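See below for the structure under consideration.
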Amino acid sequence: MARHLITSALPYINGIKHLGNMVGSMLPADVYSRYLRQRGHDVLYICATDEHGTPAELAAKEQGLPVDQFCAQAHDAQKAVYDGFELAFDYFGRSSSAENRDITQHFARRLNENGFIEERAIRQVYSPADGRFLPDRYVEGTCPHCGYDKARGDQCENCTRVLDPTDLINPRSAISGSTDLEVRETKHLFLLQSKLQHEVEEWVSRHEADWPQLASSIARKWLNEGLHDRAITRDLDWGVPVPADTWPELAAEGKVFYVWFDAPIEYIGATKEWADQDPENRDWKSWWYDVDTTVRYTEFMAKDNVPFHTVMFPATELGVREPWKKVDYVKAFNWLTYYGGKFSTSQKRGVFTDQALEILPADYWRYFLIANAPESDDSSFTWEHFTATVNKDLADTLGNFVNRVLSFSKKRFGEEVPAGAAAGAAEAKLGEEIAGLLAEYETQMEALQFRKAAAALRALWSAGNSYLEEKAPWLEIKTDPEGAALTLRTAMNLIHLYSVVSEPFIPASSKAMRTAFALQDDTAAWVTQDEAKSLDSVPAGTPFTVPPVLFAKLTDEDLETYKERFGGTPE
């Protein structure tokens, strides 16, 4: 089996993330990782909090905490939420780790040795009121391209254009709000991306045909516009320090590396963190350094992160002139909007992941978000759509099927799976249908087409309901008890099949379905086509229990409560 290295965009440390962040990177990566593990692949799913840069310093300042203490607390808070969503990371690290510091400094030294880093004097925004140079995110103002008045000095959140602080109209300090800003000279390190343009173009051209159009078009747009040399150091108190053995003057001035230089390297750093926990049995270099073709590397991210992962980080890896593993497939997502407006961490608009778990269990959110993942275009979250999806797909189609089959069988045949008659034409037809739908589900999961995979999973659930309605055991039992027992036994085997194949989407509910049956040796990781056709993995005589209701239907009152709390339209 192939070895699959999977990473998702690192969540910023400054605050709990919203549902758009969840569906744009971490959740689909988790669904895919779970699926691959079930199919027998060797999987390593790595993520981490992105702890450097101005967001960390500003958030720490706002809370009156030292930045390292703030980051430690925020990391634990974020990890608790991701645990609540049952994200099965193999390791969830921190970009402030010693491992990331060492590898980042190694990359910088190698780039310098190879002629791809240059020290330059530049003019930078200085705030007399704050007594310091202001890094890009410490400067806010109006975007010169779209007019958004809360643009940051590194990138406009509204139009996603990359900016320099001096590009902003009416700039102000994000620390003090002062508009008394000056431009002074200071020195910084630049990554000479222009010298790597052709190598990056050649690398992208070998991969872009396989990537989603969203990822390849963004990478190609950056390349067509030409790669510019980019400053990779900042004037901050918190970050990976410039190594004094290579740049003593800049190190003495307290320069640190730009967050977008060290953050992608943290994928490697976090893997080493993981390996360092058990060095006797874990080899981080086997995933990242001079690896063979059995390692397939898939990245998950929203579209605003794509340029850095398809152009900037590959340029860094190429310039190091060492055999570091580069991404094979970039699964890029558009944005999930809130009633057509943007979710925004900074503006606190939309539903945040901790709030989501306060309202309903994780499986409600996991299923809805993946079934409506913004793959080909932006998709909109509305409470009306969420409620309708939960009620139709989860409560009515899956949950009701499980409850009525098990409850009816217990009432009429006791607490063991009934034997009944031998399978007939209806069961053979159902088995063929289930096998075909399972094959479609597998095809879409392999292709990372999550909405289509969710549709195939939904079709599997619907097939069970259609079979039940056709056989109508509540009527059948009046004239043919053995036939009714066969119907219920077949339906119970469907429940067990659903528990296995639904696990990537709804792990908690899948566990509840699977443990309803007291099978002595239930070690099946997946369902084969033959098993899907035969539907006999749960034999007659198997004890079972009726689990609690898997999914409660949401009422009109619930809908109004949610809309009142979070708003029914964007601000």
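Remember, predicted model here, so these are calculated numbers, not experimental data. Counting begins at 1 with the first residue of the sequence. When reading the values below, keep in mind they use all heavy atoms of this one structure, side chains included, and skip hydrogens, waters and symmetry mates.
Side-chain contact of Asp530 with Thr528: a donor-acceptor pair under 3.5 Å is absent, judged by distance alone. With no hydrogens or angles considered, no side-chain donor-acceptor pair links Asn372 and Ser379 at under 3.5 Å. In this structure, a donor-acceptor pair under 3.5 Å is present between the side chains of Tyr35 and Glu446. No side-chain donor-acceptor contact under 3.5 Å links Thr542 and Glu416. Side-chain atoms of Tyr338 and Trp383 form a donor-acceptor pair, as typed in the model, at a separation below 3.5 Å. The closest side-chain donor-acceptor pair between Gln444 and Glu440 falls under 3.5 angstrom.
Phe386 pairs with exactly one of Trp365, Tyr562, Tyr367 by the ring pair (Phe, Tyr, Trp, His ring centres under 6.0 Å) rule, that one being Trp365. When each of Phe368, Tyr339, Trp335 is checked for a ring pair (Phe, Tyr, Trp, His ring centres under 6.0 Å) with Phe381, only Phe368 meets the rule. Checked against Pro473 for a side-chain contact (heavy atoms from CB on, under 4.5 Å), the options Thr490, Asp480, Leu486, Leu468 give a single hit: Leu468. With Thr271 as reference, Trp288 is the one residue of Trp287, Trp284, Trp288 to meet the side chain to side chain donor-acceptor pair (under 3.5 Å) rule.
Using a 4.5 Å cut-off on side-chain heavy atoms (C-beta onward), Val306 and Leu214 make no contact. Looking at Gln78 and Thr353, their side chains never come closer than 4.5 Å, going by heavy atoms from C-beta outward. Ile434 is not listed as a side-chain neighbour of Lys533, based on a closest heavy-atom distance of 4.5 Å or more. Annotation: side chain of Lys326 is not in contact with side chain of Tyr297 (no heavy-atom distance under 4.5 Å). Under the 4.5 Å side-chain criterion, counting only non-hydrogen atoms from C-beta, Val330 is in contact with Met301. Side-chain contact between Arg565 and Gln355 is present, with heavy atoms from C-beta onward closer than 4.5 Å. Between Glu560 and Asp556 the shortest side-chain heavy-atom distance does not fall below 4.5 Å. Residues Glu427 and Tyr467 meet the side-chain proximity criterion, which asks for heavy atoms closer than 4.5 Å.
Lys79 forms no cation-pi arrangement with Tyr82, by the criterion of a distance under 6.0 Å to the ring centre and an angle within 45° of the ring axis. Under a cutoff of 6.0 Å and an axis angle of 45°, Lys331 and Phe333 form a cation-pi pair.
For the atom pair NZ (Lys272) and OH (Tyr91), the distance works out to 11.0 Å, reported to the nearest 0.5 Å. For the atom pair Leu336 CG and Ser380 OG, the distance stands at 7.0 Å (nearest 0.5 Å). Atom CZ of Arg3 sits about 8.5 Å away from atom CG of Leu44, to the nearest 0.5 Å. Distance CZ/Arg161 to CG/Asp304: 15.0 Å, rounded to 0.5 Å. To the nearest 0.5 Å, the span separating CZ on Arg34 from OG on Ser502 amounts to 12.5 Å. Within the model, atoms OH of Tyr45 and OG of Ser33 stand 6.0 Å from one another, a figure rounded to the nearest 0.5 Å.
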Considering only distance and modelled atom types, tabulate donor-acceptor pairs under 3.5 Å from the side chains of residues 398-405, sequence neighbours left out.
from   : atom 1 : to     : atom 2 : distance (Å)
Arg404 : NH1    : Glu469 : OE2    : 3.1
Arg404 : NH2    : Asn465 : OD1    : 3.4
Arg404 : NH2    : Glu469 : OE2    : 3.0

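Although no hydrogens or angles enter the test, the distance criterion places a donor-acceptor pair under 3.5 Å between the side chain of Gln155 and the main chain of Thr160.
Contact detail for Ala459 and Leu437: the closest heavy-atom pair is O-CD1, 3.6 Å.
Within a 6.0 Å radius of NZ in Lys303, more than 12 heavy atoms belonging to other residues, nucleotides or ligands are found. Other residues, nucleotides and ligands contribute only 12 or fewer heavy atoms inside 6.0 Å of the CD atom of Glu415.
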*Hey, mind stepping through Trp222 and Thr310 against side-chain hydrogen bond (donor to acceptor under 3.5 Å, both in side chains) and telling me if it holds?*
CA-CA 10 Å; Trp222 269 49; Thr310 60; over 6 Å; no
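Ring geometry for His496 versus Phe517: interplanar angle over 60°, hence perpendicular rather than tilted (30 to 60°).
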